[in-house]
Peer 1: 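Below is one structure. I have some questions about it.
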Amino acid sequence: MSFHRQWKQTWIVVLASFVLVFGASSVASAFGKGAKGPDVFAVQGMLKSLGYFNGTITGYYGSETEAAVKRFQQKYNLPVTGAVDNKTLESILWAYASVKIPRQAPSPGPRMPTPAPQIPPERLEPEPAPENPPSEGLSAEERQMIELVNTARREAGLEPLEADLKLAEVARLKSRDMADNGYFSHQSPTYGSPFDMMQQFGIAYSSAGENIACNEAVQAAHEALMNSPGHRANILSGTFTRIGIGIVDGGSCGKMFTQQFIAE
């Protein structure tokens, strides 16, 4: 998923071609009861956020998921099949985007109001980002992804992005939060929106964006992101100048990826 804010113009990008980023960039055919994998994981997560799915997010399409899909289809006047076809997926994505991403931003100000995140009592104190970047810097996988991003930018005639170690720490916290708490969303139950999180940890920006992916390998995640218009737009934005990559092991796909972009 991709997310983007620009203070100067004060707008958030919501693309009609919103695509889930997993091993593949889109759903080519229906999937239903008995299916398993990252596509199911993400659909469960979105339906849970929308209040249609009350089960555990496992990535397996069982009876609870089928019932949740039927409730959603009935609500949105879709054929009640219990399977996720392309029309149902498109409707879930738009319903989810309508909840998670404001349609119109308020006038420019020090920050954009967002609903208070529902934080479990035992997690009221989020893990702080270190004031100084760790001495070891970026992991080999994070360096690999930055090089892939900058290679794509050079091929498009754009300047490479500068690695920002402080922003990378924030991106790692986001990836770890998703892996540990079983969700896949820009809106964190711990930190709020990507922009709330950046501000919380002292990241100053005039424009910012976020891509997230669930995949098993860096190259595969990069290719899926580049094949999705929204994510590709963030990667190839001429506005952004700095990038933070956070990659952690965990989640149903094997690894969680967070790319955070800023322009100062």
Peer 1: Is the ring pair Y52/F72 parallel, tilted or perpendicular, if the boundaries are 30 and 60 degrees?
Peer 2: perpendicular
Peer 1: Any sub-3.5 Å donor-acceptor pair from R232's side-chain atoms to N227's backbone N or O?
Peer 2: no
Peer 1: Side-chain contact test, heavy atoms from C-beta onward, threshold under 4.5 Å: evaluate it for V84 versus Y61 and give yes or no.
Peer 2: yes
Peer 1: Which pair of non-hydrogen atoms, one from V170 and one from M197, has the smallest distance, and what is that distance?
Peer 2: O-CE, 3.3 Å
Peer 1: What pair of heavy atoms forms the shortest contact from I245 to A171, and how long is it?
Peer 2: C-CB, 3.9 Å
Peer 1: Verify side-chain contact (heavy atoms from CB on, under 4.5 Å) between N211 and F257, making sure each step is shown before the conclusion.
Peer 2: CA-CA 8 Å; N211 287 345; F257 299 79; over 6 Å; no
Peer 1: Does any N or O in the side chain of E142 come within less than 3.5 Å of the main-chain N or O of S139, such that one atom is a donor and the other an acceptor?
Peer 2: yes
Peer 1: Quick one: do the S193 and Q187 side chains pair a donor with an acceptor below 3.5 Å?
Peer 2: no
Peer 1: Is there a donor-acceptor pair under 3.5 Å between the side chain of S175 and the backbone N or O of V248?
Peer 2: no
Peer 1: State, to 0.1 Å, how close G182 and I57 come at their nearest heavy-atom pair, and which atoms those are.
Peer 2: O-CD1, 3.5 Å
Peer 1: Can you list the residues that meet the salt bridge (Lys or Arg N to Asp or Glu O under 4.0 Å) rule with K255, with sequence neighbours excluded?
Peer 2: E141, D249
Peer 1: Has Q73 got a side-chain atom pairing as donor or acceptor with T81's backbone, closer than 3.5 angstrom?
Peer 2: yes
Peer 1: Quick one: closest heavy-atom pair of Q259 and V149, and the distance?
Peer 2: NE2-CG2, 3.8 Å
Peer 1: Taking A263's backbone N and O only, do any of them form a donor-acceptor pair with S206's side chain (distance below 3.5 Å, no angle check)?
Peer 2: yes
Peer 1: Between N234 and S237, is there a side-chain donor-acceptor contact under 3.5 Å, judged purely by atom types and distance?
Peer 2: no
Peer 1: When you measure from the side chain of K48 to the backbone of G55, do you find a donor-acceptor pair of N or O atoms at a distance under 3.5 Å?
Peer 2: yes
Peer 1: Can you find a pair of side-chain heavy atoms, one from L148 and one from V218, that are under 4.5 Å apart?
Peer 2: yes
Peer 1: So, for A208 and I262, which heavy atoms are closest and what is the spacing to 0.1 Å?
Peer 2: CB-CG2, 4.1 Å
Peer 1: Taking side-chain contact (heavy atoms from CB on, under 4.5 Å) as the test, write out the residues that go with Q74, two or more places apart.
Peer 2: V80
Peer 1: Test R154 against E159 for salt bridge (charged side-chain N to carboxylate O under 4.0 Å, His left out), laying out the working first.
Peer 2: CA-CA 6 Å; R154 292 186 191 99; E159 290 294 320; over 6 Å; no
Peer 1: Return yes if a side-chain donor-acceptor contact under 3.5 Å exists between S188 and K174, otherwise no.
Peer 2: no
Peer 1: Which pair of non-hydrogen atoms, one from S91 and one from L78, has the smallest distance, and what is that distance?
Peer 2: OG-CD1, 3.8 Å
Peer 1: Verify, without hydrogens or angle tests, whether N181 (side chain) and D177 (backbone) share a donor-acceptor contact under 3.5 angstrom.
Peer 2: yes
Peer 1: Is a side-chain donor or acceptor of D196 paired with a backbone partner of G192 at a separation under 3.5 angstrom?
Peer 2: no
Peer 1: Under a plain distance cut-off of 3.5 Å, with no hydrogens placed, do T151 and E155 share a side-chain donor-acceptor pair?
Peer 2: no
Peer 1: If hydrophobic clusters are built from ILVMFWY residues whose side chains come within less than 4.5 Å, do L89 and Y60 share one?
Peer 2: no
